Structures are given as structure tokens and as C-alpha cells.
Amino acid sequence: MERWKKVAIVGSDGEAFLSSVHGNQSCVNCHGGKREAASMEEAHEGLIRNPSENPEKYCNGCHADIVSKHLTSIHRTQQGYFTFFSLRYDGTPHGVIPPDFTSEFNQECGSCHTTCGQCHISVPVTARGGLVKAHNFYKTPDMTKNCTACHGSRIGDEYLGKNEGLKADVHWIPNFKTCDFCHTGREMHGDGREYDYKLQVRDMPACEDCHNRGQNNSYHDMHWGKLSCSVCHSQPYRNCNSCHVGGEGITGEPYFKFKIGKNSNPQDRSYQWVTLRHIPIARDTYSAWGFSTLPFYDIMPTWKYTMPHNVQKITPQTEPDSTAVIACAGNCHNNEEIFLRPSDLDPGEVNANGAVVVKDDEWPVGP
Amino acid sequence: MYKVKIFSFHLQRAFVLIIAGAIVLFLSCTDKSEKSDGSTAFTEKLTCEGCHTDQEVLQKLAPGIDEPPPSSGGG
């Protein structure tokens with residue numbers, strides 16, 4: 001994108017902004033800097049690029065309810081990172097996080113948290129910013145310029161069908177079923193509660209919010225409630241390896257796999273069988289920050305419960321055979337390839353995944 | 001008498017040209033001027049809106065392309 005366009009308040013969008021409630025205020029009220037100046041540098045002295053980093057000061061006057069709830073939202077706090085670091089570092093979800101970790105995290109990873117403006121005014125900073133609609137404040141975030149600008153490599157590519165050989169999500173209807181079709185503002189803003197990680201969030205959507213078991217569907221009758229919907233209705237998805245801080249990022253090659261495993265967290269979701277995605281955590285992920293290893297690395301699976309955003313009615317698991325009957329045994333029950341088996345595990349990850357891997361006596365062999 | 005009229009005619013034309021040139025020069029200088037270090041200074045103070053609503057000024061002040069990184073992280 002041309003740099004000038006990122007800060008331009010021109011055209012019909014510009015006119016709309018300038019006559020809007022927000023546009024009627026002086027720029028310096030929110031952005032600081034100098035209102036009148038003889039050079040760009042002088043004008044930008046003391047500039048506040050992203051005022052909504054401090055929503056209590058700049059947004060609270062009109063949006064107090066949302067601001068107060070958003071302060072504890074995982075979208076803002078990134079609490080999931082701290083919870084899982086704590087679990088792997090000292091064995092408890094609420095252990096003392098070393099100050100060095102917090103400081104390094106804020107510098108290298110903290111810019112990924114959301115602010116009001118990065119969803120409702122501009123492209124997120126991590127995607128290089130830029131006004132979306134000439135500084136207009138829009139209620140619903142733009143799917144590609146806001147949501148998938150951050151959630152692009154897995155969710156965005158899956159949902160939009162950008163992965164070679166795989167279909168887009170069945171819910172993807174351009175300009176209609178965008179992210180907000182399932183993910184509400186209430187879920188995004190937070191409800192004021194403090195959650196340890198995202199699966200605890202009460203307002204997360206579920207397939208069952210819209211879909212019921214149906215009638216005369218023997219497959220649903222047999223599996224409903226025991227299998228997560230994605231076990232049957234997802235396609236292969238991206239898995240990642242080896243993320244290392246210190247600027248390295250993800251050093252392992254991503255790969256596409258579809259793996260069913262046991263649900264190690266039934267308190268979050270009650271299914272017995274779920275889809276699992278390999279996450280890019282390694283024992284030395286944080287070594288560049290001075291944490292050479294994670295003493296409790298084995299406490300959490302590295303194959304994690306996932307909800308792929310590439311849902312289809314007909315998938316390799318539900319594909320009918322030549323007699324128009326779903327070949328239960330061939331597609332799933334005797335198909336070792338789609339289960340997370342001990343042979344799939346890296347030797348260093350065997351202990352970490354004991355709760356999710358499917359052992360010989362647990363594998364549903366048979367018709 | 002004829003020579004006086006001719007001289008007067010040329011004088012008027014020169015005067016008009018000088019005035020027109022001065023107006024053009026004035027208009028081209030009021031917006032901005034290049035400083036020796038490559039930054040742009042305005043010959044008169046401008047406001048936030050004065051720059052951010054003016055496409056020509058912005059193109060001068062913020063040239064180039066700034067692409068986002070390839071989608072490699074995030075969820």
C-alpha cells in the first residue's frame with residue numbers, strides 16, 4: 001500500500017469522517033502533536049500514533065461499558081500466553097511470571113494485542129497499519145484488513161480456501177458470512193471476566209448454536225456429543241513447529257495434517273474425541289530471553305484442541321463410497337493415518353502428549 | 001507619438017507578465033519547500049487537516065510503498 005494512503009483523509013470517506021462525531025474533534029485531542037507547524041517533523045513531535053492503547057483516557061468518555069469490559073479481554077491481555085508459559089515454567093497456571101519474561105514479551109510479542117483503533121479504524125500495527133476508511137470509525141471490523149490481518153496464516157487461509165487442494169469453509173459467503181457472523185462484538189470485547197485462555201470464554205461460538213442433531217441422521221445419532229463437529233467436518237489444516245523468540249519466529253516448516261485425538265480438557269469442551277493441531281512450542285522456545293528450558297514442558301500437550309475453519313459437509317471422513325454409504329471402517333475407524341498415534345510423536349514430545357495420543361487399546365478399530 | 005504608444009503597449013505587456021509570474025511563484029512556494037536534508041518545510045504553518053486532507057502534499061511527504069509482512073504468524 002502506498003504510504004501516503006495510510007494517513008490520508010480524502011475522498012468521500014474523508015468527507016464523511018470530517019463531518020462525523022469523531023471527525024469534529026481536533027486531531028490533537030487524541031493524537032497530541034502540534035496543531036500548527038512549519039514541518040512534518042515539528043507537527044509530529046509528541047505524536048500519539050495509537051491513542052486507543054489507552055482507552056480509559058481516550059475512549060471512556062463515550063464507550064465506558066465496552067472499555068471496562070475490554071480491559072480484561074483476552075484479545076487485549078493475551079492472557080493465554082502467560083497462562084501456558086506459567087504452566088510450562090513453574091507447573092501452575094497462575095505462577096509468578098519472571099519480570100524478564102514480561103518485559104521481553106511486551107517488546108517482541110506484545111504488539112499483537114488489540115486496541116479499539118486496530119479493529120475499528122486502521123489495519124493492526126503488526127500488519128503495518130494504515131487507515132481503512134479514511135479514519136472513519138466503523139462498527140464491524142473489516143474481515144481482511146482487521147481480522148485476518150492478524151489471524152491469517154491459519155484461520156484466514158483456511159476459511160477463504162487459500163490452501164492448495166483444500167476447499168474454503170462452507171460458511172464463507174463473500175460480504176455476507178464474514179467473521180462477525182459467528183464471532184460477536186460481545187465475544188471480541190470481552191464480558192469483564194478474567195479468563196486464563198480462550199477456550200474458557202463463555203461467549204465463544206459453537207456449531208450447536210445454529211445446528212442441531214437433525215432427524216434420521218444415524219451418524220449424528222451415534223456420534224453427537226462424543227465427537228467434536230470438526231472430527232467429521234474439517235479438512236486437513238496447517239500445523240506448526242518450533243517457534244523461537246529473539247526474532248527467529250517459526251523455524252520449522254508448517255505442514256498439513258488432520259489428526260483426531262483424545263480430549264484432554266473435557267471441562268472446556270465435553271467431547272471425547274477432537275481434532276488436534278500441533279502448536280509451535282519447543283523446550284527452548286524462550287532461550288533467547290534467558291529461559292533455556294521449560295521445566296514443566298511435559299505438563300501440556302503440544303498437540304492442542306483445535307477448531308479448523310475449513311468446515312465442509314463432505315470431507316474425507318464423510319465421503320460416501322460407491323454404494324452411497326459412508327464407509328465408516330475405511331474412512332475413519334480403521335484409518336490409522338487420521339488418528340494421532342504414538343508413532344506420530346517426536347521423541348521429545350511423547351510425555352507431553354500422553355493425554356491426547358491414541359494408544360492401541362483406545363483406537364476405534366472395527367466397523 | 002506612435003513610438004510612445006508602442007512603448008506603452010510593450011510596457012503594459014511586460015507588467016502583466018511580471019504580475020502573472022509573481023502569482024505563479026507565490027502559489028508554488030506557499031505549500032512547501034525542500035530543505036537541504038531532504039525533509040520538507042512549509043513556508044507557512046499548516047494544520048493537521050491541511051496536510052492529511054491534501055493528496056498532493058501527502059504524496060510529497062510520504063512517498064513509497066509500505067507492504068505488510070507475509071502472513072506467517074497469528075492464529
Side-chain angles (χ1 to χ4, degrees), chain A residues 1-11 14-15 17-18 23 26-28 31 33-44 47 80 109 112 123-124 126-131 134-135 145 147-157 162 198 240 243 249-250 254 277 279-280 306 309, chain B residues 6-75:
Chain A
M1 185 179 189
E2 291 158 280
R3 288 181 65 220
W4 71 269
K5 283 185 179 173
K6 294 188 169 191
V7 293
I9 304 173
V10 298
E15 289 171 16
F17 169 68
L18 292 172
S26 170
C27 307
V28 296
H31 286 286
K34 290 183 72 174
R35 174 156 179 74
E36 292 187 353
S39 73
M40 187 171 81
E41 293 74 21
E42 184 189 352
H44 290 176
L47 181 78
C109 314
C112 281
V123 172
T126 50
R128 310 290 294 172
L131 297 170
H135 212 308
K145 291 176 180 168
C147 309
T148 63
C150 289
H151 301 281
S153 63
R154 294 199 291 270
I155 294 170
D157 287 351
K162 290 185 175 177
K198 70 178 180 185
C240 297
C243 184
I250 292 180
R277 193 190 304 255
I279 57 170
T306 189
H309 281 58
Chain B
I6 291 293
F7 176 74
S8 175
F9 173 72
H10 285 302
L11 192 64
Q12 279 179 353
R13 271 200 356 180
F15 187 71
V16 168
L17 283 172
I18 287 169
I19 295 294
I23 289 172
V24 169
L25 189 65
F26 175 75
L27 287 176
S28 67
C29 290
T30 47
D31 276 357
K32 52 202 174 289
S33 64
E34 289 284 336
K35 290 201 298 190
S36 57
D37 63 359
S39 64
T40 303
F42 305 108
T43 50
E44 61 182 36
K45 288 188 174 183
L46 289 183
T47 62
C48 313
E49 298 91 328
C51 285
H52 285 268
T53 60
D54 189 324
Q55 183 171 330
E56 283 184 29
V57 173
L58 286 177
Q59 284 174 324
K60 180 82 176 175
L61 292 174
I65 303 286
D66 187 16
E67 292 293 348
S71 177
S72 59

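What you see is a predicted model, and the numbers here were worked out from it, not measured in a lab. Quick note on labels: first sequence line is chain A, next is B, and so on, each numbered from 1.
Heavy-atom distances place no part of B/Cys51 under 4.5 Å from chain A, backbone and side chain included. With a threshold of 4.5 angstrom between heavy atoms, A/Ala8 approaches chain B through its backbone and through its side chain. Interface remark: A/His44 contributes side-chain atoms only to the contact with chain B (heavy atom separation under 4.5 Å).
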For this session: Using the side chain to side chain contact (heavy atoms under 4.5 Å, CB included) rule, take A/Arg128 and A/Val123 through it: C-alpha gap first, then chi angles, then the decisive distance, then the call.
Result: CA-CA 7 Å; A/Arg128 310 290 294 172; A/Val123 172; over 6 Å; no

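In this structure A/Lys34 satisfies the salt bridge (charged side-chain N to carboxylate O under 4.0 Å, His left out) test together with A/Glu42, sequence neighbours excluded. Take A/Glu2 and apply the salt bridge (charged side-chain N to carboxylate O under 4.0 Å, His left out) test, not counting sequence neighbours, and it matches A/Lys5.
Options A/Ile9, A/Val10, A/Val28 differ in how many heavy-atom pairs under 4.5 Å they form with chain B, and the most are formed by A/Ile9. Note: A/Met1 leads A/His309, A/Glu36, A/Met1, A/Glu15 in heavy-atom pairs under 4.5 Å with chain B.
For the pair A/Arg154 and A/Arg277, the minimum side-chain heavy-atom distance is below 4.5 Å.
Judged purely by atom type and a 3.5 angstrom limit, A/Thr148 has no side-chain atom pairing as donor or acceptor with the backbone of A/His151.
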